[in-house]
Trainee: 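Please find one structure pasted underneath; my questions will follow.
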Protein chains: 2
Amino acid sequence: MENKEISQAVISRLPRYFRYLGELKDEGIERISSQELSAIMDVTASQIRQDFNNFGGFGQQGYGYKVEYLYEEIGKILGLDRTHNLIIIGAGNLGQALANYMNFERRGFLFKGIFDNNPSLYGKKIRDMEIRPMEEMESFVRENNIDIAVLTIPKTSADAVAWKLVDNGIKGIWNFAHVDLDVPKSIQVENVHLSDSLMKLTYNINRFEQGCYS
Amino acid sequence: MENKEISQAVISRLPRYFRYLGELKDEGIERISSQELSAIMDVTASQIRQDFNNFGGFGQQGYGYKVEYLYEEIGKILGLDRTHNLIIIGAGNLGQALANYMNFERRGFLFKGIFDNNPSLYGKKIRDMEIRPMEEMESFVRENNIDIAVLTIPKTSADAVAWKLVDNGIKGIWNFAHVDLDVPKSIQVENVHLSDSLMKLTYNINRFEQGCYS
DNA sequence: AAAATAATGTCAATTCATTGACATTCCCTT
DNA sequence: AAGGGAATGTCAATGAATTGACATTATTTT
């Protein structure tokens, strides 16, 4: 019954831990101390221990952490021990690329369908999956217990589509549309605002150039 | 000679301000108060004023902010008043999608080339741009004053490619490869780790389900 | 032209996140 | 089996970010 809220700052770091631990595991390394992990990942050992302790003790004093065990536990925290049914809304460049590029199944994401409202795309196959017309989306979500929708549609229609998804039982939205979706707080939204990210990059480039270095 | 370092927390919020101000501008709205913006964007008015004041006062007391002026100024801060030469490394699903999908030119990013090491792609046209062999990358970066490289290649080769870019004068890397690049601090790196983002989403979905609500 | 109003700029207070320090616990060796 | 060493778990201290409060200054109205 752990019920204290864990900050998103901590959560944001978990996937990175997970990635490094996965690599260590693949290298056959069995144990690691916060000190060693600290050196590899370039964060403080204190933060590592603090982060893990949010979820209870995963280590053994005097020994360190068992890599495989820790890897599994963090995976569980992130929900990667379960499967999630996923669909992609919008079969444009980005939607198709994500369908092909992300190795969804590897982490328990079952790619169940891809939708678009452009009739010339209907039936085209992406990863052995026919592109379906948008009209079928709502019933499909309901009948196939879809958990996650990936939104790769223009921002103008994003909110309307999001609400249709919500009304049919979606749990989370991975939002690539360039708007902030206005959905109930019970629906989890993870935004990937690519242009925002690129702007941060240019800020930092310019800052560095204008900084004391030149 | 403002020289105090501005926190990345503030920078991360600037693109979002920029987006909302752009929309307000398009709607023909000329002035706005931090109070009103606060209501629209769902952040505190205090934070808005604090954020803007990092860069000097953009508003007028008793009046508010001039939308267009503020929009322009934030654009300048983000470096969007200049042009940046950009190339894409890796013409796989994601690289091609970004080339087609991102409206780079709109914000001053000049799409100058796309590279891959798969000979069967050489010469294929993406946005009127032939895919070039990887071997030409280094000289191309040098000779065309490329500022930004978009890395959409497998993680195994990411570090090696990054260093070639660095050696030929790149200023920033927009990194979609699933590794933390080990480049000099003078090179700006903006990571887009898509699977990390998706894991955060599943964490939050599961957290909500297991929370007190069910 | 002067007073009233409105909203910024800024300082202080609070909250949140990170780091440092150390006692505790467990492993490993003798 | 017992003691030494090593690294966790945790608490306290520091530092950073956010919020709240208000004096200041510009605008607008009378």
Trainee: Could you tell me how far apart I6(A) (CD1) and dC16(C) (C1') are, to the nearest whole angstrom?
Mentor: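 I6(A) atom CD1 is separated from dC16(C) atom C1' by 15 Å.
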Trainee: Can you check each nucleotide of nucleotides 23-30 of chain C against protein heavy atoms at under 4.0 Å and return B for base, S for sugar-phosphate only, - for none, in 5' to 3' order?
Mentor: -BBBSS--
Trainee: Just by distance, do the side chain of R127(B) and the backbone of F111(B) share a donor-acceptor pair under 3.5 Å?
Mentor: no
Trainee: Using a 4.0 Å heavy-atom cut-off across all strands, classify Y65(B) as base, sugar-phosphate, or nothing.
Mentor: sugar-phosphate
Trainee: Please report the distance, rounded to the nearest Å, between CG in N53(B) and P in dC11(C).
Mentor: 10 Å
Trainee: Describe, in one word, how the ring planes of W174(A) and F176(A) are oriented to each other, choosing from parallel (under 30°), tilted (30 to 60°) and perpendicular (over 60°).
Mentor: perpendicular
Trainee: Would you call D81(A) and K76(A) a salt bridge, taking side-chain N to carboxylate O under 4.0 Å as the test?
Mentor: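 Judged by the 4.0 Å cut-off on N to carboxylate O distance, D81(A) and K76(A) do not form a salt bridge.
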Trainee: Can you list the steps and then say if Y203(A) with I6(B) is a side-chain contact (heavy atoms from CB on, under 4.5 Å)?
Mentor: CA-CA 11 Å; Y203(A) 171 84; I6(B) 288 152; 4.0 Å; yes
Trainee: Given R107(A) and L78(A), is the side-chain contact (heavy atoms from CB on, under 4.5 Å) satisfied, shown in steps?
Mentor: CA-CA 10 Å; R107(A) 299 282 181 231; L78(A) 289 169; over 6 Å; no
Trainee: For R19(B) and V179(A), which heavy atoms make the closest approach, and how far apart are they?
Mentor: NH1-CA, 3.6 Å
Trainee: Output the rounded distance in Å from NZ (K66(A)) to C1' (dA7(D)).
Mentor: 14 Å
Trainee: If I take atom CD in residue Q35(A) and atom P in nucleotide dG9(D), what distance separates them, rounded to the nearest angstrom?
Mentor: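 Answer to the nearest Å: 15 Å.
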Trainee: Tell me: CD1 of I48(A) to P of dA7(D), nearest whole Å?
Mentor: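 In whole Å, dA7(D) P lies 13 Å from I48(A) CD1.
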Trainee: Could you verify whether a donor N or O on one side chain and an acceptor N or O on the other, from S33(B) and E36(B), lie under 3.5 Å apart?
Mentor: yes
Trainee: F52(A) CZ to dG9(D) C1': how many Å, rounded?
Mentor: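 It works out to 13 Å between those atoms.
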Trainee: Working to the nearest 0.5 angstrom, can you tell me the gap between L201(B) CG and I11(A) CD1?
Mentor: 12.5 Å
Trainee: Tell me if the CG atom of D42(A) is crowded by more than 12 foreign heavy atoms within 6.0 Å.
Mentor: no
Trainee: Measure CD/E36(A) against C1'/dA6(D) and give the value in whole Å, please.
Mentor: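 The distance from CD of E36(A) to C1' of dA6(D) comes to 11 Å, rounded to the nearest Å.
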Trainee: Distances under 3.5 Å only, N/O to N/O: pair up the protein atoms with those of nucleotides 16-22 of chain D.
Mentor:
unit_1	atom_1	unit_2	atom_2	d
dT18(D)	OP1	R13(B)	NH1	2.9
dT18(D)	OP2	R13(B)	NH1	3.2
dT18(D)	OP2	R13(B)	NH2	2.9
dT18(D)	O5'	Q47(B)	NE2	3.3
dT19(D)	OP2	T44(B)	OG1	3.1
dT19(D)	O4	Q50(B)	NE2	2.9
dG20(D)	N7	S46(B)	OG	2.7
dG20(D)	O6	S46(B)	OG	3.4
dA21(D)	N6	R49(B)	NH2	3.2

Trainee: Quick one: is S34(A) getting a side-chain N or O under 4.0 Å of the dT8(D) phosphate, OP1 or OP2?
Mentor: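 Yes, because at least one side-chain N or O of S34(A) sits under 4.0 Å from OP1 or OP2 of dT8(D).
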Trainee: For L70(B) and dA7(C), give me the distance from atom CG to atom P, rounded to whole Å.
Mentor: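 Distance check: L70(B) CG to dA7(C) P gives 16 Å.
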